[in-house]
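Worksheet for the structure shown next.
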Amino acid sequence: PDNITVQELANRMAVRGAEVVKTLMRSGVMATINQAIDADTAELVVAEFGQKVKRVSDADVEEGIEGIVDQAGDLRPRAPVVTVMGHVDHGKTSLLDALRESNVVKGEAGGITQHIGAYRVDIGHGMPVAFIDTPGHAAFTSMRARGASVTDVVVLVVAADDGVMPQTVEAIRHAKAAGVPIVVAINKMDKPEANPERVKTELLNHEVVVEDYGGEVLAVPVSAVARTGIDKLIEALQLQAELLDLKANPERDAQGTIVEAELDRGRGAVATVLVQNGTLKVGDIVIAGAQWGRVRALVDDRGAPVEQAGPSTPVEILGLDGVPEPGDKLWVVDNEKRARDVAEYRQRKKREQSQLGAAAARGTTLEDMF
Ligand code: GTP
Ligand code: MG
């Protein structure tokens, strides 16, 4: 498990790769620069070069990063995180528009959602909901899988004129795999061809049993465009959320998940994080996957700067030294040195893993040697 490529070992000792290859040969180990050797062999080589070895394990570096365990008394109710899923063009973004009374669709290139949008919407009764809009494009399957893992409830959008389609089925699979309850929004009810009964029977084939058929899944006919049924959908979401009895500790250091990230020409690395527990504040030192940074600014879903973001809140964060990956966990840490150490360690591990992967793919045949 603790393997290292000859090249990486050479890099860390600040010697030429060929020197390491030669030293290995003298000890009877035939390895090319791209091959992996085990930790014991590496240690011998390091000793040959008169350098000291320090083996660092995950446990040493990562210890304490995940922070404290919350006491029951510190937990407060939190807003549900709802992911909107469904087949391409079935109306996910339009439905979100209807829910937040704005117009996201019109601003999108070609009307196709290119990345995960995240919004916080007050749906009345003092209950905000964090919504995540996932791309309907098949190429974004893995992002959608990640969406489901930060989600408390999935709103499955099915167009009443089109019925259950491949990505509807995929969304059902993700929700079931994550153990997340589904609320079905049967959309486009304003269309003359709308056939909600067909949608319900088709869902049966995928073990989604709606109330009409004796099941527990709530299905609400809506029209995102005509803005009908939206109140009923909100009621269904509130009902579902109450059943889940969701809690978090707003007083602790923040913990969250990156839902999207990019390099912005003007602003540097920009990541949207969904805060899941605790409160994220400007000035916090964070580690997000293999990146770290001091939070320079927080921007809410409407583009306004904010000083802090509590549980179930999506915010953009500025100040990371690099672009994390969607699905990466974010933690607040005590000091910069610690953050930098962990980030460097994770970057090195990532690099090694890709090198080892490449080395394994090449195999270790004699032909490699000559
Ligand atoms: P992707 O993000 O590309 O997967 O699509 P989406 O599921 O977000 O669908 P989007 O909201 O972009 O809507 C696709 C098309 O369906 C647009 O032309 C919408 O105007 C239309 N549409 C959405 N909801 C309704 C509805 O309730 N009724 C009618 N008639 N059209 C709708
Ligand atoms: Mg969309």
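Atoms within a ligand are numbered from 1 in the order they appear, just like the ligands themselves.
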Please examine the side chains of Y213 and T201, heavy atoms only from C-beta on, and report whether any two atoms are closer than 4.5 Å.
-> yes
Heavy atoms, side chains only, cut-off 4.5 Å: are R252 and D70 in contact?
-> yes
Is there at least one pair of N or O atoms, one from V222 and one from ligand 1, spaced under 3.5 Å apart?
-> no
Non-neighbouring partners of D253 that pass side chain to side chain contact (heavy atoms under 4.5 Å, CB included), sequence neighbours left out | V332
Of the backbone and side-chain N, O or S atoms of T93, does one lie nearer to the Mg ion (ligand 2) than 2.8 Å?
-> yes
Per-atom filter on ligand 1: closer than 4.0 angstrom to a heavy atom of K191 are 30 (N)
Is D152 salt-bridged to R78, going by a charged N under 4.0 Å from an acidic O?
-> yes
Within reach of ligand 1, part of H90 (heavy-atom separation under 4.0 Å) = backbone
Ligand 1 versus N187: contacting region, heavy-atom distance under 4.0 Å | side chain
Which pairs, with at least one residue in residues 40-53 and sequence neighbours excluded, count as a salt bridge (Lys or Arg N to Asp or Glu O under 4.0 Å)?
-> D40-R55, E43-R55
When only distance counts, is K92 in polar contact with ligand 1, meaning an N/O pair under 3.5 Å?
-> yes
With a 4.0 Å cut-off, would you call D190 and K188 a salt bridge?
-> no
Side-chain ion pair, K200 and E197, N-O less than 4.0 Å | yes
Would you check the N or O atoms of A224, main chain and side chain alike, for any that come under 3.5 Å of an N or O of ligand 1?
-> yes
So between L96, D190, V225, whose heavy atom ends up nearest atom 30 (N) of ligand 1?
-> D190
Report, in ascending order of atom number, the atoms of ligand 1 lying under 4.0 Å from any heavy atom of G91.
-> 6 (P), 7 (O), 9 (O), 10 (P), 11 (O), 13 (O), 23 (C)
